[in-house]
Amino acid sequence: EKEAEHSIINLSRSIEEEIKKLEEFSEKEIENEKIISVSESEILRNEQIKKKVNQLDTCPLCQCKITQEHIKHVYDDCDAKISEAAKELHKSRSILEQLKKEKLSTSRNIKIAEENLRRKEKDILIHKSIREKTESIKNLTAHLDKIKSEMLELEKKRKSLESKKENLSSIEENFRN
């Protein structure tokens, strides 16, 4: 029974730790979803910049006529940003996929631990019930032994009284004769 109680304490701690892990996974999941959203927006924004640069006649920064060099510089800059955002996007999606697997595994671990916890609690109740019934049987047996002892004493007294009565009857009869 003590072992089961110790096991319940350990299982409860384990469940609490697994629940904390789930919460951490959820927070990381949110962080990576934000990174994915930002990366997708960054890729889209830079793709649009690349499309619009060909339509411009003058550079919005230096106010000069846009040259092929300007366009190449904008493309290179946008491509670098797109590449970086794509790496972040891929990395975050990979992390997100791993987090989902870990959350699933952790959820299963929690379910198993909770089932074990319920089983251990049930075992404790069964052991407690057995112990109480055993104690009750011991008490009833002791009470029964006491009653038997009292009955034997009463039986001895009855026989003694009957014997005294016979002796008395015998004395009375001898006295009459």
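Throughout, residue positions are numbered sequentially from 1 according to the sequence presented.
Annotation: the span from Lys81 atom NZ to Asp79 atom CG amounts to 11.5 Å, rounded to 0.5 Å. If you take OG on Ser7 and CD1 on Ile124, they are separated by 8.5 Å, rounding to the nearest 0.5 Å. From Ile49, atom CD1 reaches atom CD1 of Ile82 across 8.5 Å, with rounding to the nearest 0.5 Å. Considering CD of Gln48 and SG of Cys78, their distance stands at 10.5 Å, rounded to 0.5 Å. The CG atom of Leu168 sits 11.5 Å away from atom CG of Leu161, with the distance rounded to the nearest 0.5 Å. Rounding to the nearest 0.5 Å places CG of Leu144 at 12.5 Å from CG of Asn139.
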Would you be so kind as to tabulate the donor-acceptor pairs closer than 3.5 Å made by side chains of residues 32-44, with sequence neighbours excluded?
unit_1: Asn32; atom_1: OD1; unit_2: Ser92; atom_2: OG; d: 3.4
unit_1: Asn32; atom_1: ND2; unit_2: Lys28; atom_2: O; d: 2.9
unit_1: Ser39; atom_1: OG; unit_2: Ile35; atom_2: O; d: 2.9
unit_1: Glu40; atom_1: OE2; unit_2: Arg93; atom_2: NH2; d: 2.7
unit_1: Ser41; atom_1: OG; unit_2: Ser37; atom_2: O; d: 3.0
unit_1: Glu42; atom_1: OE2; unit_2: Arg45; atom_2: NH2; d: 3.2
unit_1: Glu42; atom_1: OE2; unit_2: Asn46; atom_2: ND2; d: 3.1

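Under a 3.5 Å cut-off, the side chain of Ser105 and the backbone N or O of Lys101 do not form any donor-acceptor pair.
Not counting sequence neighbours, Asp57 has no partner by the side chain to side chain donor-acceptor pair (under 3.5 Å) test. Residues forming a salt bridge (Lys or Arg N to Asp or Glu O under 4.0 Å) with Glu88 (at least two apart in sequence, or on another chain): none. For Lys72, the salt bridge (Lys or Arg N to Asp or Glu O under 4.0 Å) criterion is met by Asp76, not counting sequence neighbours. Partners of Glu150 according to the salt bridge (Lys or Arg N to Asp or Glu O under 4.0 Å) rule, which considers only residues two or more places apart in sequence or in another chain, do not exist here. Glu97 is linked by a salt bridge (Lys or Arg N to Asp or Glu O under 4.0 Å) to nothing, counting only residues two or more places apart in sequence or in another chain.
Salt bridge Lys21/Glu24: absent, no basic N to carboxylate O contact under 4.0 Å. Salt bridge absent: Glu29 and Lys100 never bring a charged side-chain N and a carboxylate O closer than 4.0 Å.
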(message) Evaluate Leu117 against Ser12 for side-chain contact (heavy atoms from CB on, under 4.5 Å), listing each step before the verdict.
(response) CA-CA 7 Å; Leu117 180 64; Ser12 295; 3.9 Å; yes

(request) Go through Ile9 and Glu5 one step at a time and tell me if the side-chain contact (heavy atoms from CB on, under 4.5 Å) criterion holds. (result) CA-CA 6 Å; Ile9 291 169; Glu5 288 174 356; 5.6 Å; no

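For residues 152-166, the set of pairs meeting the side chain to side chain donor-acceptor pair (under 3.5 Å) definition, not counting sequence neighbours, comprises Glu155-Arg158, Arg158-Glu162. Among residue pairs with one or both ends in residues 125-145, those qualifying as salt bridge (charged side-chain N to carboxylate O under 4.0 Å, His left out) are Glu1-Arg131; sequence neighbours excluded. Residue pairs satisfying the side chain to side chain donor-acceptor pair (under 3.5 Å) criterion with at least one member in residues 114-123, sequence neighbours excluded, are listed as follows: Asn116-Arg119.
A continuous path of ILVMFWY side-chain contacts below 4.5 Å connects Leu56 to Ile71, so both sit in one hydrophobic cluster.
Hydrophobic clustering, defined by side-chain heavy atoms of Ile, Leu, Val, Met, Phe, Trp and Tyr closer than 4.5 Å, groups Ile130 together with Ile126. Membership of the apolar cluster around Leu99 extends to Phe25, Ile95, as traced through chained side-chain contacts below 4.5 Å between ILVMFWY residues. Listed by chain and number, the hydrophobic cluster partners of Met151 are Ile147, where partners are ILVMFWY side chains within reach of under 4.5 Å, directly or through others.
The shortest non-hydrogen separation linking Thr106 to Leu22 is CG2-CG, 3.8 Å.
No side-chain heavy atom of Glu18 sits under 4.5 Å from any side-chain heavy atom of Ile15. You'll find the side chain of His6 reaches within 4.5 Å of the side chain of Asn10, heavy atoms only.
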